[in-house]
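Input: a single structure, listed below in structure tokens.
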Amino acid sequence: MHSAATPFVLHHWKEGGRREQRSGWRGTSPEFGDIKVTSPLNPSSSESVVAEVRGGSIPTATFESRGIHAEVLTLPTLNRMTLRLGDATVHTSRNRWAPTHRGRALHMRYGGDRYRLWALNRRRYVLTRLPDSEDPGTRITVARSGRGRRRQITVTVTGRAVAADITLAALFTGVDRSVLTRRGTVRAFISRAFGLFAQTQY
């Protein structure tokens, strides 16, 4: 069901001890109910890093990164990723070498809907469900602000959204999106390279 959506805010949360610590974002959409993002979902795993979003009125989704680089990650990345929404796998693609933010966008296909996610900057991103012959689509802008305990994320919807739109927009708050920008790609590569080097010294 398509619905106009009021802007809503997600607040940062954290719980658990050092080795089993979980964190993420949670809040309430007036139209789509409670939303909770957990990332990482599996803090003690060395084989994969997973982010999850769930709520009372939205489908559950997971985003998983696997591989040797998972050992040095705190958030899943867009490299070697698997995205699941409900019981379905979401097909994804992106142009790693595009010079612009929009060109580097992550393209997703879920059922008959096509989505595009791109970075406005390090703290803001946009998810769009592309229009088709039956629907004008929607645009969701997600922006992080504040520091420390005052950190929060504001989600603003333009157009009429469905529950899957809200799920995908919220899920990427728990994902390392740095490779959607060229500068972020360089930083991410250096960070992983040094992390993997440090692992080999033990």
With heavy-atom distances below 4.5 Å as the criterion, would you say the side chains of [X] and [Y] are in contact?
X	Y	answer
F172	L117	yes
M108	L83	yes
I166	V157	yes
R84	V90	no
T154	V142	no
I153	V9	no
R94	V179	yes
F63	M81	yes

Have [X] and [Y] got a donor and an acceptor in their side chains that come within less than 3.5 Å?
X	Y	value
E52	T60	no
T28	D34	yes
H12	R151	yes

Would V53 end up clustered with L85 when hydrophobic side chains under 4.5 Å apart are linked, directly or stepwise?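 Yes: a chain of side-chain contacts under 4.5 Å links V53 to L85.
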So, for [X] and [Y], which heavy atoms are closest and what is the spacing to 0.1 Å?
X	Y	answer
P43	P40	CD-O, 4.0 Å
R104	L180	O-CD2, 3.3 Å
I140	A169	CG2-CB, 3.7 Å

Set of side-chain hydrogen bond (donor to acceptor under 3.5 Å, both in side chains) partners for S48, sequence neighbours left out: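 Result, side-chain hydrogen bond (donor to acceptor under 3.5 Å, both in side chains) vs S48: N42, E64.
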Would you find more than 12 non-hydrogen atoms of other residues, nucleotides or ligands less than 6.0 Å from Q21 atom CD?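 Counting other residues, nucleotides and ligands, CD of Q21 exceeds 12 neighbours.
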Taking everything shown except R54 itself, do over 12 heavy atoms lie less than 6.0 Å from its CZ?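 No, because the 6.0 Å sphere around CZ of R54 holds 12 heavy atoms or fewer from other groups.
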Quick one, V175 with L75, criterion side-chain contact (heavy atoms from CB on, under 4.5 Å). Give me CA distance, side-chain angles, the key distance, then yes/no. CA-CA 6 Å; V175 174; L75 297 176; over 6 Å; no
Salt-bridge criterion met for R129 and D135 (N-O under 4.0 Å):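 Yes.
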Between S3 (side chain) and A5 (backbone), is there a donor-acceptor pair under 3.5 Å?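 No.
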